[in-house]
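Inspection log for the structure reproduced underneath, given as structure tokens.
Fair warning: this is a prediction, and the values are worked out from it, not measured in the lab.
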Amino acid sequence: MKQKVIAVILSLTMTAGLLAGCGSAAGGGEETVQQETVPESDEAQEADKPADTAGGENVVIEVLSLKTEAGPQAAFQEMFDHYTAQHPNVTFEMQSMSSDDFKTTIRARAAANDMPDLVTWMKEIEPEFLLDINGEAFLDNLNADTVAGANAIYDNAVYAMPIDNGYIGLYYNKDVLAANHIEIPSTYSELVAACETLQANGVTPFASSLSDLSVPYMSLIALFAETVYAPDSDWSTKRDAGEVTIKEDAGWKQAFDILTDVVYQYSNPDMAYNQSYDDCAALIANGETAFYGNGSWALSAIRDVNPDANIGLMAFPVSDNVQDGKLLCFPDTSLSICAGTEHTDIVKDFLAYVATEEAGAIWAENVKVSSAVNGVNVDYDPIAADVDHYLSENLFTPYGDRVLRSVFTDKLWETFSYYMLGESDWDTLAEDLDTYWDKARDGE
């Protein structure tokens, strides 16, 4: 698996397009979108069209998505419209919801044997509920290493068709820093000093949320990617063998301490209880805060609020050694066919369309990401240059929560805030996490 994931990211350094876009882990409510047939106006892609499935009985394809932002919603809408213009017997119904609601909904529907036809992939979905698409011709239109990386947790199967690439890091508002005479911090000490200066000047340093814990959780993922997996990409293998533990590992505690002492403490905790994911995007976009830890998917939410926001991206400074700052980069948004669908051929045909350059450009332009489709190079945002810096200088790690077993990450998600909020000490939390690591490893 290690070789698979590293190959994905190395291949990205040779592409013109740059990263972005994870399944939204944020809130934003549940939304159902009925797609209507719209005439196709552009016939330039005629030669690349997938096989015709028109002319049959009317079919409704149910899609469950954890992409709640406006950009992905618009991209899905446009792709649905283009597809149904060629296949007027097909209609798409899409529900978009937060990751928490998505997990709950998928588990309930799996238990009831009532899965949708198509979902945005999430590793918590057991493979038995997904269709293996290994060998499908349309996969050849995608970057092979990206496909391999998206399916790194599976053995010889392809359950996830990646459509973009992502990152998790630290957004910063250049204008806010400049107005407060602060240089862009590159070390941990400089980051803390910047936060102190901002607070002294009446500016809240960090945007964060306690009403939507996915916001600080994204920072934690970026942090342990840097403090645990960047120094030792074999850490999980060593933990499985009992050679290391979370409780005794300085990197894990360092990640939780930075989350607590910086991301949380400098976020105005009292206000954070009233701030949502969208509120946090607005705070950084409008220059009301200087820093915001989140993923590539948050960029479209930031740009929706202020397209001209002077925003940069960096890895979290985790020490006073600049070289320790490593950006977490990985294959991100993927689509999966549910095993129980009665419309396998149509859903595969839609994925064949999603794998075309036309659809790849639609997604990249709307979501502000680099596409996994070969030949799609969209200059989606100035922030691409920041990502390119980390890739070209080999200052990245591909290892975050997506390569960890879901039994463990479910417990991590459930309990991570206890330490941040002072409701648990380190030993208690870490022992609990070690217990669930072992349960996940042992298949319990």
Side-chain angles (χ1 to χ4, degrees), residues 1-12 15 17 19 21-23 48 50-51 53 61-67 72 76 79 83 102 106 110 115-166 329-357 359-360 363-364 367 369-376 398-406 409:
M1 181 176 74
K2 174 182 174 183
Q3 288 80 6
K4 278 205 244 182
V5 179
I6 291 223
V8 176
I9 306 300
L10 290 178
S11 73
L12 293 177
T15 64
L19 295 139
C22 159
D48 293 330
T53 58
I61 302 299
E62 186 183 6
V63 183
L64 199 61
S65 168
L66 47 68
K67 306 297 289 184
F76 273 125
M79 290 191 297
Y83 185 82
F102 187 92
I106 281 291
M115 293 287 281
D117 300 293
L118 185 67
V119 295
T120 50
W121 175 86
M122 201 176 204
K123 68 186 177 68
E124 284 79 5
I125 306 175
E126 293 297 329
E128 65 187 280
F129 298 109
L130 301 177
L131 187 69
D132 184 3
I133 57 174
N134 195 10
E136 292 293 334
F138 55 76
L139 294 176
D140 293 339
N141 293 344
L142 307 176
N143 181 286
D145 289 326
T146 304
V147 174
N151 292 273
I153 64 173
Y154 306 121
D155 292 327
N156 302 315
V158 176
Y159 295 111
M161 190 188 95
I163 57 179
D164 62 24
N165 300 285
C329 303
F330 49 89
D332 189 25
T333 309
S334 297
L335 297 176
S336 297
I337 301 175
C338 293
T341 179
E342 296 178 355
H343 311 296
T344 302
D345 290 344
I346 293 175
V347 180
K348 283 185 178 180
D349 193 58
F350 175 67
L351 290 191
Y353 168 69
V354 174
T356 65
E357 290 187 28
W363 187 264
V367 185
V369 299
S370 69
S371 175
V373 178
N374 292 326
V376 176
Y399 299 103
D401 69 319
R402 296 188 176 206
V403 296
L404 303 179
R405 301 178 184 97
S406 58
T409 53

- Task: Give the intermediate values and the outcome of side chain to side chain contact (heavy atoms under 4.5 Å, CB included) for residues Val403 and Phe330.
- Result: CA-CA 10 Å; Val403 296; Phe330 49 89; over 6 Å; no
Answer whether the closest heavy-atom distance between the side chains of [X] and [Y] falls below 4.5 Å.
| X | Y | value |
| --- | --- | --- |
| Val354 | Phe138 | no |
| Asn374 | Asn143 | yes |
| Ile337 | Thr341 | yes |
| Leu64 | Thr120 | no |
| Trp363 | Pro72 | yes |
| Ile106 | Phe129 | no |
| Pro162 | Val147 | yes |
| Leu118 | Phe350 | yes |

- Apply the side-chain contact (heavy atoms from CB on, under 4.5 Å) test between Ile346 and each candidate in Leu351, Ile61, Asp117; give the one that qualifies. Ile61
Any idea which heavy atoms bring [X] and [Y] closest together, and the distance?
| X | Y | answer |
| --- | --- | --- |
| Ala160 | Ala150 | CB-O, 4.1 Å |
| Leu142 | Ala355 | CD2-CB, 4.1 Å |
| Met79 | Ala359 | SD-CB, 3.8 Å |
| Leu130 | Ser336 | CD2-CB, 3.8 Å |

Interatomic distance, [X] atom [atom1] to [Y] atom [atom2] [nearest 0.5 angstrom]:
| X | Y | atom1 | atom2 | result |
| --- | --- | --- | --- | --- |
| Leu139 | Thr146 | CG | OG1 | 12.0 Å |
| Cys338 | His343 | SG | NE2 | 12.0 Å |
| Ser406 | Ile125 | OG | CD1 | 10.5 Å |
| Ile163 | Ser371 | CD1 | OG | 8.0 Å |
| Lys123 | Ile153 | NZ | CD1 | 7.0 Å |

- Report the relative orientation of the aromatic rings in Tyr83 and Tyr353; use parallel for angles under 30°, tilted for 30 to 60°, perpendicular for over 60°. tilted
- Message: Restricting to side-chain hydrogen bond (donor to acceptor under 3.5 Å, both in side chains), what partner residues turn up for Asn141, sequence neighbours left out?
- Response: none
- Query: Listed by chain and number, what are the ring pair (Phe, Tyr, Trp, His ring centres under 6.0 Å) partners of Tyr159, not counting sequence neighbours?
  - Reply: Tyr154
- Query: Which residue pairs satisfy the side chain to side chain donor-acceptor pair (under 3.5 Å) criterion with at least one member in residues 124-140, sequence neighbours excluded?
  - Reply: Glu136-Lys348
